[in-house]
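One is the number of the first residue; the rest follow in order along the sequence. Each ligand, and each atom within it, is numbered from 1 in the order the structure gives. Note that the structure is a prediction, hence the values are computed from the model and not measured.
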Amino acid sequence: MNAQESRILAIIGQGYVGLPLAMAAVDAGWTVIGIDNFEAKVAQINSGKSPVEDISDTQLQAALVSGAYRASADFSSAAKASVITICVPTPLDEKREPDLSLLQSAATEVAPYISNETLVVSESTSYPGTLRDIIIPTVDSLKPKDSIYVYFASAPERVNPGDQVWNQKNTPRLVGAIDNASQVKALAFYESICDFAVSVSSPEVAEAAKLLENTFRLVNIALINEFTQLCAAAGINAHEVIDAASTKPYGFMPFRPGVGVGGHCIPVDPLYLTWWARQNGGRAEFVETADSINHMMPKYVAQRALELVDSSVTKPKVLILGVAYKPGVGDVRETPVSELRNHLKAQGAEVAWHDPLVINWEGSYPVTLEWECDVAILATKQPGMDIKQLILRRIQILDCTNSIHNQAGVTSL
Ligand SMILES: NC(=O)c1ccc[n+]([C@@H]2O[C@H](COP(=O)([O-])OP(=O)(O)OC[C@H]3O[C@@H](n4cnc5c(N)ncnc54)[C@H](O)[C@@H]3O)[C@@H](O)[C@H]2O)c1
């Protein structure tokens, strides 16, 4: 059988996006090779231990035992694939500008093994033009000479780790390809895995839509973070206001305040948009403002928490509850709690943290909830965190998650 006739999928990158995609494809009848250049992760996955919360060890082990899935650090295994998807990180560099080095290296390393008539899809989030300007020239210059035709599309992943409702299968997938033949191949592939594939006219539309989706969240979170500060200064509970506004049946969507924004997407993707705007001679001022408002939140939260401590305490002890960037995951990438801890320390506080899903964080280790503190900040409400025992010990809590109501000693952000 030719590679292009096989139902073999190679996925480059086996993280929060790539591994769940692999399992969804296995469920849909594909044989999947999960390629990752981090050898320890490949070994962990092949031993049946899942590195991501959304995939259980049981599900992973079943896929391994069936022979439908294996992880590999060897890019040459992509030669048998009829579809190759790229799911590697697209972070920011030290200047907070797009860092496409991993995407570039993934394309470079897999290119020599791309068989004729293979479909190559980028699922990584990036600015419009990434597929056409970076991935395609790289692949075209390095692919085998007899791989005359390679199909290309962009289909940005929308997965929301920890989400119990929306997953790879039932979340509509945007698909934008470089030509009709590629579009037909890409739609057929995603329709075999997802309930809905949405066809758009170009890869750039798909890439831009992904940036719009996450920028929409960033600016609305910034709006509500600013609004919350205005309400708090006037003695109004912002959550009650949001609940009240939410009774309007149209034209309003509730967002909640918090310590800031974190993770690999919301704080990062909008900066791909601001960078892209500058490259085109424009400026995304509104987005830049939203970004800076969210970055001010950790300082505001630190101040609000320290105001709850008796002024006679010279070195307050602060316990941060939840350091992952959102509930249900152990992912601490870009967590705003990092800036929160820095601000608390800068104010002279002694800071400890507790998070049942995080083993170590920035070189430090969690404490138990018994740790004696003057104030606790509920930054991320993790499952399995017994807040009640702090309430019973009458510890002041600043709740940044709107999850504790009508309890003495608990102040809402
Ligand atoms: N995590 C999310 O919630 C989410 C949601 C939607 C889209 N995305 C986007 O998907 C992409 C992947 O994100 P992620 O969260 O899965 O990242 P991740 O860090 O969880 O996983 C990426 C994997 O790629 C591997 N890798 C890095 N460079 C490589 C290379 N050159 N060759 C082979 N493997 C390589 C890493 O070892 C890692 O295992 C990013 O563009 C991200 O913005 C992420």
Can you sort out the partners of R341 under salt bridge (charged side-chain N to carboxylate O under 4.0 Å, His left out), two or more places apart, ordered by chain and number?
-> E362
Kindly tell me which protein residues have any non-hydrogen atom under 4.0 angstrom away from an atom of ligand 1, grouped by chain and ordered by number?
-> I12, G13, Q14, G15, Y16, V17, D36, N37, F38, K41, F75, C87, V88, P89, T90, L102, S105, A106, S124, T125, E157, V159, P161, K210, H264, C265, R333
Are D74 and S76 linked by a side-chain donor-acceptor pair shorter than 3.5 Å?
-> yes
Can you name the residues that form a salt bridge (charged side-chain N to carboxylate O under 4.0 Å, His left out) with E213, not counting sequence neighbours?
-> R158
Any chance the rings of Y250 and F252 have centres within less than 6.0 Å?
-> no
D54 side chain vs G162 backbone, donor-acceptor pair below 3.5 Å = yes
Those residues that, when tested against D140, pass salt bridge (charged side-chain N to carboxylate O under 4.0 Å, His left out) (two or more places apart) = K143
